[in-house]
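Note that the numbering runs from 1 along the sequence shown for the chain. These values consider heavy atoms only, across backbone and side chains, with no hydrogens, waters or symmetry-generated copies. No experiment lies behind these values; they were computed from the predicted model shown.
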Amino acid sequence: MNIRHLLHNQKSVVVRVSLLYLFPLVGFGLLGVQPWVNVSTLTRDATAVAGGKFYHGLISNLGVLLWCATTSVSLFSAWLLKARGEQKTAVFAFYAGLLSLFILLDDLFMLHEEAFPNYIGIPESVATALYPCLILAFLFTFRKRLLASCFLVLVSSLGFLGLSMLVDVVAPNQTSELEYLLEDGFKFMGIVGWFLYFVHTSTVLVNQRIQEQAGLGSSKPVASGSPTPEVFTPNAPLALGIQK
């Protein structure tokens, strides 16, 4: 085995990776010299900082993981679809990932509950109203594509998220465990539905495009980016988008 040849082949990769490592190194350097917050408070796990138990925030953390999974799958699918010439379909997946990312950051860092009202000056009610507006804009923009999909899963997800917001409005200062159970339970069910819908839809979109380019799809030509029953099939297995 020629070690010099192997290292030469890795030269460009090493340069790119070194540049990527540069950003977190600079970030940690700035983190170490900033005078406002202890470094350990920013680097350690939130449960450890607060002195909590490992199961504290269990359902909330699981919800964040599902938001993250949805974001990753949607954005990666958008990249794949764009690379394969499906520009319009890629835009749909990209904005689905972007919307999921925005909700993920809000849920992870409690933006509308803590950061916006206390540090930026945006009232919590205004910040909370932003999310339904963004979701409605997404639904309206891609309404034809959504209606050609297994949209009832998405409708059920939005229904659960709406119920969670309703509980929060009716009982903003939770005084019982039942109120927490209803608000956070409905929210988690909504996140699960959101995850299932977008992961399934992204998987079917990518699979369909791969089959078309491999000559395994329909014999009819399909216009680039146009929603079709073959791409969005409500009867496809939902959990992983695996076609029989």
Side-chain angles (χ1 to χ4, degrees), residues 24 27-28 30-32 34 36-76 96-135 138 153-154 156-200 202 238-240:
F28 275 107
L30 296 175
L31 196 66
Q34 57 84 26
W36 301 287
V37 184
N38 292 334
V39 173
S40 60
T41 302
L42 297 174
T43 59
R44 297 169 63 208
D45 186 89
T47 302
V49 173
K53 303 293 185 181
F54 73 94
Y55 53 81
H56 287 178
L58 172 64
I59 300 301
S60 178
N61 290 337
L62 291 176
V64 167
L65 290 176
L66 290 178
W67 286 127
C68 186
T70 307
T71 300
S72 301
V73 171
S74 298
L75 293 179
F76 185 62
L98 208 61
L99 180 59
S100 300
L101 174 62
F102 190 65
I103 301 174
L104 160 67
L105 294 176
D106 175 79
D107 203 9
L108 179 60
F109 297 112
M110 302 179 63
L111 296 182
H112 78 274
E113 299 167 305
E114 177 74 19
F116 287 162
N118 295 335
Y119 295 92
I120 303 179
I122 301 176
E124 182 178 347
S125 57
V126 175
T128 302
L130 176 63
Y131 298 95
C133 293
L134 290 175
I135 293 174
F138 176 82
V153 180
L154 182 60
S156 66
S157 166
L158 296 176
F160 281 121
L161 293 174
L163 286 173
S164 176
M165 295 184 68
L166 180 62
V167 173
D168 186 39
V169 171
V170 173
N173 300 315
Q174 285 93 342
T175 56
S176 70
E177 292 297 313
L178 177 61
E179 291 171 355
Y180 282 111
L181 180 64
L182 290 176
E183 180 182 352
D184 295 329
F186 284 142
K187 177 183 174 182
F188 186 74
M189 294 298 294
I191 297 173
V192 169
W194 187 279
F195 166 80
L196 289 175
Y197 174 79
F198 283 108
V199 170
H200 170 262
S202 297
L238 183 59
L240 294 176

Please list, chain by chain and in numerical order, all residues satisfying ring-ring contact (aromatic ring centres under 6.0 Å, His included) with Phe28, sequence neighbours excluded. none

Side chains of Phe188 and Leu62: closer than 4.5 Å at any heavy-atom pair? yes

Restricting to non-hydrogen atoms, name the atom on Leu108 and the atom on Val64 that form the minimum distance, rounded to 0.1 Å. CD1-CG1, 3.9 Å

Those residues that, when tested against Phe109, pass side-chain contact (heavy atoms from CB on, under 4.5 Å) (two or more places apart): Leu105, Leu111

With sequence neighbours excluded, give me every side chain to side chain donor-acceptor pair (under 3.5 Å) pair touching residues 108-123. Asp106-His112, Glu114-Asn118

By side-chain contact (heavy atoms from CB on, under 4.5 Å) - contacts of Leu75 (at least two apart): Thr71, Phe94

Who pairs with Asn38 by side-chain hydrogen bond (donor to acceptor under 3.5 Å, both in side chains), at least two apart in sequence or on another chain? none

Determine yes or no for a side-chain-to-main-chain donor-acceptor pair under 3.5 angstrom, with Ser156 supplying the side chain and Val153 the backbone. yes

Interatomic spacing from CH2 in Trp67 to OG in Ser72 - rounded to 0.5 Å: 13.5 Å

Sorted by chain and residue number, the side-chain contact (heavy atoms from CB on, under 4.5 Å) partners of Leu130 (sequence neighbours excluded) come out as Phe102, Leu134

Return each pair, listed once, that meets side chain to side chain donor-acceptor pair (under 3.5 Å) where at least one residue sits in residues 158-169; pairs must be two or more places apart or across chains. none

Could you report the tightest heavy-atom contact between Ser157 and Gly190, atom names first, then the distance? OG-O, 2.6 Å

Interatomic spacing from CG in Leu98 to CG in Leu104 - rounded to 0.5 Å: 11.5 Å

Heavy-atom side-chain proximity of Val169 to Thr128 below 4.5 angstrom: no

Output all residues satisfying side-chain hydrogen bond (donor to acceptor under 3.5 Å, both in side chains) with Ser100, sequence neighbours left out; order by chain, then residue number. Trp194

Show which side-chain atoms of residues 50-61 pair as donor or acceptor with protein atoms under 3.5 Å away, not counting sequence neighbours.
{"unit_1": "His56", "atom_1": "ND1", "unit_2": "Lys53", "atom_2": "N", "d": "3.1"}
{"unit_1": "Asn61", "atom_1": "ND2", "unit_2": "Gly57", "atom_2": "O", "d": "3.3"}

With sequence neighbours excluded, tell me which residues meet side-chain hydrogen bond (donor to acceptor under 3.5 Å, both in side chains) with Ser125. none

Contact summary for Leu66 and Thr70, nearest pair of heavy atoms: O-OG1, 2.8 Å

Report the C-alpha distance between Leu163 and Met189 in whole Å, list the side-chain angles of each, state the deciding distance to 0.1 Å, and finish with yes or no for side-chain contact (heavy atoms from CB on, under 4.5 Å). CA-CA 10 Å; Leu163 286 173; Met189 294 298 294; over 6 Å; no

Looking only at heavy atoms, the pair that brings Ile191 and Leu161 closest together is N-CD2, 4.2 Å

What heavy-atom pair brings Phe116 and Ala127 nearest, and what distance separates the two atoms? CD1-CB, 3.6 Å

Who passes side-chain contact (heavy atoms from CB on, under 4.5 Å) against Val49, sequence neighbours left out? Thr41, Arg44

Would you list the pairs meeting salt bridge (Lys or Arg N to Asp or Glu O under 4.0 Å) in which at least one residue belongs to residues 173-187, sequence neighbours left out? Asp107-Lys187

